[in-house]
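One structure is given below, encoded as structure tokens.
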Amino acid sequence: MYTCGPTVYDYAHIGNFRAFLFEDLLKRWLTYKEYNVTHIMNLTDIDDKTIKGSQKEGIPLRQFTDFYIQAFFEDIKALNIEPADVYPKATDHIREMVKIIQTLQTKGFAYKGEDGSIYFSVAKFPEYGRLSHLKVGELKAGARVSQDEYAKEEAQDFALWKAWTPEDGNVHWDTEIGRGRPGWHIECSAMSTKYLGESFDIHCGGIDNMFPHHENEIAQSEAATGKKFVNYWMHNEHLQVEGKKMSKRFGNFYTLRDLLAKGYDPITIRYLLISTHYRQQFNFTFEGLESSKAAVERLRNFVRRLHEVEGSTSTEKVATLTAKLEACFGGSMDDDLNIGIALSSLFDFVREINSLMDANLVSKQQTADIGGLIMRIDGVLGIIGKVEVEEALSSDIDALVQKREEARKSKNWKEADSIRAQLKAMGIVLEDTAQGIRWHKEKA
Ligand SMILES: [Zn+2]
């Protein structure tokens with residue numbers, strides 16, 4: 001699986017993270033289904049934007065992009081995105097790009113323009129436009145575009161290799177095809193095939209990458225190898241914020257860091273961004289963020305409660321509900337990652353088990369089965385986490401310590417002693433300090 005990674009010229013925004021989270025959900029689901037996933041995500045550290053950014057700051061390109069690469073890794077960790085197997089940098093793969101361009105020249109798909117740059121001849125590749133349903137007949141013959149990004153209406157021969165110009169400053173490579181730098185699109189063709197082979201299964205990205213980026217990747221790769229490049233293309237739809245296109249101009253542009261600075265938990269943001277089907281347009285709202293917070297809390301509370309069950313009375317309903325959840329969650333995720341139905345089956349289950357627990361009809365033995373399934377499902381969702389059980393224990397202990405203090409203050413020695421014994425049984429040691437009572441776990 002190859003997923004187009006960030007262009008590291010700025011902090012990634014929540015629209016970028018919608019794509020990375022959809023890809024994470026897909027990968028986690030495939031792993032749940034016992035597929036062996038090799039995931040490659042490139043880092044675009046050389047393109048029109050990174051060059052412009054480094055020049056603006058007056059620092060070398062590598063120094064400029066390394067800063068944002070570091071920030072990107074911090075962000076995906078906060079969002080609990082599972083790391084890719086390899087994060088190749090474009091600047092480390094210039095040789096592979098040059099090789100593909102040379103092959104394209106030899107096979108007659110590429111030509112050198114009078115500006116010294118090398119272009120892909122769209123007319124030579126009849127399948128061009130298949131992915132994005134572009135009518136190739138409308139292309140202007142011989143017209144060329146040197147920018148990395150352009151609209152469908154401007155579709156024309158695109159740059160594989162950009163000859164050095166003074167605007168590039170000291171960003172250039174001296175190669176067999178001249179002094180210059182790669183175009184953005186060839187980068188992904190070179191890095192995907194290097195790590196996954198000439199043909200591979202899944203290629204993902206945001207819908208705005210479909211044209212021209214992915215269309216051009218297909219053209220370059222298939223023209224060079226003569227083989228089918230990718231079996232499945234998956235694109236996520238756009239993200240809007242409060243019903244509008246996200247834009248600095250509208251004051252509704254958010255990076256992950258902007259939201260964290262407002263005090264939002266990254267896992268709440270994760271939940272919100274995965275909870276809408278990837279092929280639906282997503283409307284990010286602060287109200288949505290609040291209800292996501294409640295949803296995450298409901299699931300975590302449920303897991304905490306499972307750990308508190310001590311009884312042995314049980315009902316067969318539990319096994320029926322567990323089987324139903326497993327089938328319904330799995331069936332929905334298998335249906336093109338229908339996360340909406342998958343999540344509602346999960347919350348139905350939580351509600352039904354909660355009411356059985358209210359009636360003391362769930363045994364400790366059964367909570368272990370339920371907990372196991374919830375944790376397997378959380379391997380896909382990535383929102384509950386293992387740490388919660390420990391946390392639940394800590395808050396339980398805090399409450400007991402507090403209760404014992406109150407008993408002591410009211411000279412209820414019997415209760416205070418009984419709580420102390422209870423804590424001791426849990427392996428908790430109490431100590432009197434100047435700051436009050438502290439507790440720690442007895443070392444095993
Ligand atoms: Zn790409």
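In each ligand, atom 1 is the first atom listed, and ligand 1 is the first ligand listed.
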The Zn ion (ligand 1): protein N, O or S atoms that are less than 2.8 Å away, sorted by chain: C4 SG, C188 SG, H213 NE2
Within the structure provided, determine whether F286 and K262 are in side-chain contact (heavy-atom separation under 4.5 Å).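 In contact.
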Can you find a pair of side-chain heavy atoms, one from L289 and one from T268, that are under 4.5 Å apart? yes
Check: F72 ring centre within less than 6.0 Å of F20 ring centre: yes
Are the aromatic ring centres of F73 and Y87 under 6.0 angstrom apart?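 Yes; Y87 has its ring centre under 6.0 Å from that of F73.
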Neighbour count >12 (heavy atoms, 6.0 Å) for atom OH, Y35: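 Count not over threshold, so no.
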Over 12 foreign heavy atoms within 6.0 Å of NZ, K227: no
